[in-house]
Amino acid sequence: MAVIQKYGKNYSPDLVCHKENHPIGVPGCHKKWTEQNTNWPRPVARIWTVVLLLGTCLLYCARVAMPICAVSMAERFNWSKRESGMVLGSFFWGYCFTQVFGGYVSDRVGGEKVLLLSAAAWGSMTAFTPILAHFCSQPILSMTLARFLMGLLQGVHYPSLASLCSQKVVESERGFLMSTVGSGSYLGTLVIGGAGSLMLDLYGWESVFYVSGLLSVLWAYCMWKYLLKGEGPIITLESLGSGGPQSKLSKRHWLRLFKQPAVCAVIVTHLCTASTFFTLLSWLPTFFKDTFPDAKGWVFNVIPWLVAIPSSLFSGCLSDHLISQGFDTASVRKLMQFFSMGVSSLFTLLLCGKTTFPWAVAFVSATMGLTTFSHSGVSVNVQDLAPSCAGALFGVMNTCGAFSGVLMVYFSGYLIEATGSWASVFALITTVNLLGLCTFLAFAEARRVDIDSSKGRHHNIHI
C-alpha cells in the first residue's frame, strides 16, 4: 500500500505556475489563475453538494421505478420473463452510448447545463411512461423504447458531475462532494424501494412513475430558478467548438493522454470497480435467497445500503481532511482505493465459507460500505489528472465499466451453474478487485497530464 507522504510532489498542483517559475504575464499562469477564480466559495459548494445529492437520489428513484413495477406491469400486459428482461435490459444499451458525449458537452459548456437539460428530459420521460404504456397498441415496444431513451438521457449524469466538480471545486474538497453526491444513489434506491413499494400497493404502479418523474422535473426547475438564476441552458454548435483546426490537435492530444500510465490506470481500476459492484448488486439477492431461503428480504436488501451511505460520506471527509493537512494527494487517493478494493475483498472472501445469516449480512454490509471509498479514490483521481477534459474521460471510464460489468454479471451466472458454488463468484470478484488495486497502486498519480509540459506554456487538451 502506498505510504502517505506529507507535502509530496503534487501536494499543490494549483501552484504549478509558481513552481515552474513563469515570468509575469506568461499566458499559462494567467489562464491557471483565471481557472482558480471560477471555483465555488465554500458556502456555495455546500449548497450545490446538497442539490446534486438530491438530484442523484431522484435519478435512481426514476431509474429503479421500472424494476419495482416490472412484475405488476408484466401481469397487466401479459409479458413473459423474456419480454420483461428485454424491457429492463434496454436501459443499459442507451446508458452506455451517451457517457462520452455527455462528458464532452459538459467540458465545453458546463456540467450544470447538461445536468439541468437531462434531468428535465428523463424526469418528463418517467412521468409519461404510464401514458405511453396504456395508449400504445404494443406496450412492449413502447416500454422498451422508453427505457432505451431513459438510458440515453441518464447516461450523461455522472460524466457531467465529474466535469462540473473539476471546474468548480478545489482539489481539497472534491472527495467530500463526490462521495456525498455518490451516496445519493444508495439513498435513492432505499427511498424508491420503500416509498415506491408502498405506492405500488396503495395506488398502483402508475403512481410510482408519476411521483418520481414529477419530483425530478421539480428538482430541475428549482435548480434553474434558484441556482442558475433563470439563465437559459442554451447549448449551441459554436459553444461546442465544432469543426475548425482544433480537430487535428484533439486527436494528437487525446493519443498523448491515453499513453499516460496514470490515465490507463484509472480506466482499468474503474473498469474493475464497476464490474465487481455490478456483480454484487445483481447476484447478492439471489445468493441470500439460495443460501438462506427463510430469511426476510428487507433485511439483506436494506441494511447494506444503510451502511453504504454514512461510509461514503466518511470516506469523502477523511480524504479531504488528509489532503488539507498536507498529505500527498496521490497517496490519499491510493489509500481510499485500498480500502475500496483491498479491505472489502477480505470480507467478500469470508462469504466463501459456511456462515450464518447475521454474519453474512454483516460481511455484505462491510463489503458494500468499503466499496464506496472509491468515490474518494479513482472517481476523483480523473479530475486530478485532466480537469480540462474530466467529463469526457470519465465518460470513457464509465462506458468501459458498464460494458465489462454486464459481461462479468453474465459470466458469474455461468460460474454458478457450472460449479454449483457461490465461492467461485466471490473468488472472481476478489481477483478482479486485486487486479484493479495493484494497477492503481503501481501507476496512479495526481499531477495534471492534460497539459503540454514540453512547451513554454500550458495547453489544455481541446476536445
Side-chain angles (χ1 to χ4, degrees), residues 57 60 64 67-68 71 179 182-198 200-201 272-318 336-377 405 408-409 412-413 415-417 419-434 437:
C57 176
Y60 269 78
V64 182
I68 286 180
V71 175
S179 61
S183 67
S185 60
Y186 315 123
L187 179 61
T189 303
L190 283 174
V191 169
I192 196 65
S197 299
L198 184 62
L200 179 65
D201 293 335
C272 295
T273 300
S275 298
T276 55
F277 179 77
F278 286 150
T279 303
L280 289 170
L281 187 66
S282 301
W283 287 111
L284 278 177
T286 306
F287 162 74
F288 277 106
K289 289 181 180 179
D290 289 349
T291 310
F292 309 100
D294 297 329
K296 295 182 179 180
W298 69 268
V299 176
F300 56 80
N301 283 328
V302 171
I303 292 181
W305 303 113
L306 289 177
V307 174
I309 294 173
S311 176
S312 180
L313 297 175
F314 172 75
S315 70
C317 293
L318 177 62
M336 297 296 105
Q337 206 60 34
F338 174 78
F339 281 107
S340 175
M341 305 184 81
V343 181
S344 69
S345 295
L346 296 178
F347 291 97
T348 304
L349 284 177
L350 292 175
L351 293 169
C352 294
K354 291 184 178 180
T355 183
T356 62
F357 176 69
W359 279 112
V361 173
F363 295 152
V364 169
S365 299
T367 298
M368 301 306 293
L370 289 167
T371 300
T372 64
F373 276 61
S374 64
H375 292 311
S376 304
M408 189 165 168
V409 169
S412 299
L415 284 180
I416 296 171
E417 290 186 357
T419 64
S421 172
W422 285 94
S424 59
V425 175
F426 295 133
L428 173 65
I429 291 172
T430 301
T431 302
V432 174
N433 267 339
L434 293 180
L437 177 62

A.B. asks: Which atom pair, heavy atoms only, marks the closest approach of V425 to L415?
C.D. replies: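 So the two residues come closest at CG2-CB, 4.5 Å.
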
A.B. asks: Is the ring pair F426/F287 parallel, tilted or perpendicular, if the boundaries are 30 and 60 degrees?
C.D. replies: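 Answer is perpendicular, since the angle exceeds 60°.
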
A.B. asks: I want to check something: taking the side chain as every heavy atom from C-beta on, are I416 and W422 in contact at a cut-off of under 4.5 Å?
C.D. replies: yes

A.B. asks: Let's go through F292 and F300 carefully: what are the C-alpha distance in whole Å and the side-chain angles of both, what is the deciding distance for side-chain contact (heavy atoms from CB on, under 4.5 Å) to 0.1 Å, and is it a yes or a no?
C.D. replies: CA-CA 11 Å; F292 309 100; F300 56 80; over 6 Å; no

A.B. asks: To the nearest 0.5 Å, what is the distance between CG (L437) and OG1 (T273)?
C.D. replies: 9.0 Å

A.B. asks: Which heavy atom of S412 sits nearest a heavy atom of L428, and at what distance?
C.D. replies: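 So the minimum-distance heavy-atom pair works out to OG-CD2, 3.9 Å.
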
A.B. asks: Is it the case that the side chains of S340 and T371 hold a donor-acceptor pair, with the cut-off being a distance below 3.5 Å and no angle test?
C.D. replies: no

A.B. asks: Is there side-chain contact between M336 and S374, with at least one heavy-atom pair below 4.5 Å?
C.D. replies: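 M336 vs S374: side chains apart.
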
A.B. asks: Quick check: are there more than 12 heavy atoms from other residues, nucleotides or ligands sitting under 6.0 Å from CZ of F347?
C.D. replies: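 Counting other residues, nucleotides and ligands, CZ of F347 stays at 12 neighbours or fewer.
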
A.B. asks: Kindly list each side-chain donor-acceptor pair under 3.5 angstrom involving residues 348-368, sequence neighbours excluded, with atom names and distances?
C.D. replies:
| unit_1 | atom_1 | unit_2 | atom_2 | d |
| --- | --- | --- | --- | --- |
| T348 | OG1 | S344 | O | 3.1 |
| S365 | OG | V361 | O | 2.7 |
| T367 | OG1 | F363 | O | 2.9 |

A.B. asks: Run the numbers on L280 and F277 for side-chain contact (heavy atoms from CB on, under 4.5 Å), then give the verdict.
C.D. replies: CA-CA 5 Å; L280 289 170; F277 179 77; 5.8 Å; no

A.B. asks: Assess whether side-chain contact (heavy atoms from CB on, under 4.5 Å) is satisfied between D290 and T286, documenting all intermediate values.
C.D. replies: CA-CA 6 Å; D290 289 349; T286 306; 3.6 Å; yes

A.B. asks: Please report, to 0.1 Å, the donor-acceptor pairs under 3.5 Å made by any side chain of residues 183-198, with sequence neighbours excluded.
C.D. replies:
| unit_1 | atom_1 | unit_2 | atom_2 | d |
| --- | --- | --- | --- | --- |
| S183 | OG | T180 | O | 2.5 |
| S185 | OG | G182 | O | 2.7 |
| Y186 | OH | H375 | NE2 | 3.3 |
| T189 | OG1 | S185 | O | 2.8 |
| S197 | OG | G193 | O | 2.5 |

A.B. asks: With a 4.5 Å cut-off on side-chain heavy atoms, are V432 and M341 touching?
C.D. replies: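 No. Closest side-chain heavy atoms not under 4.5 Å.
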
A.B. asks: Quick check for you: to the nearest 0.5 Å, what is the distance between F278 atom CZ and S275 atom OG?
C.D. replies: 8.0 Å

A.B. asks: Evaluate side chain to side chain donor-acceptor pair (under 3.5 Å) for S179 paired with S312, printing each intermediate quantity in order.
C.D. replies: CA-CA 5 Å; S179 61; S312 180; 4.7 Å; no

A.B. asks: Can you tell me if S315 uses its side chain to pair, donor with acceptor, with the backbone of S376 under 3.5 Å?
C.D. replies: no

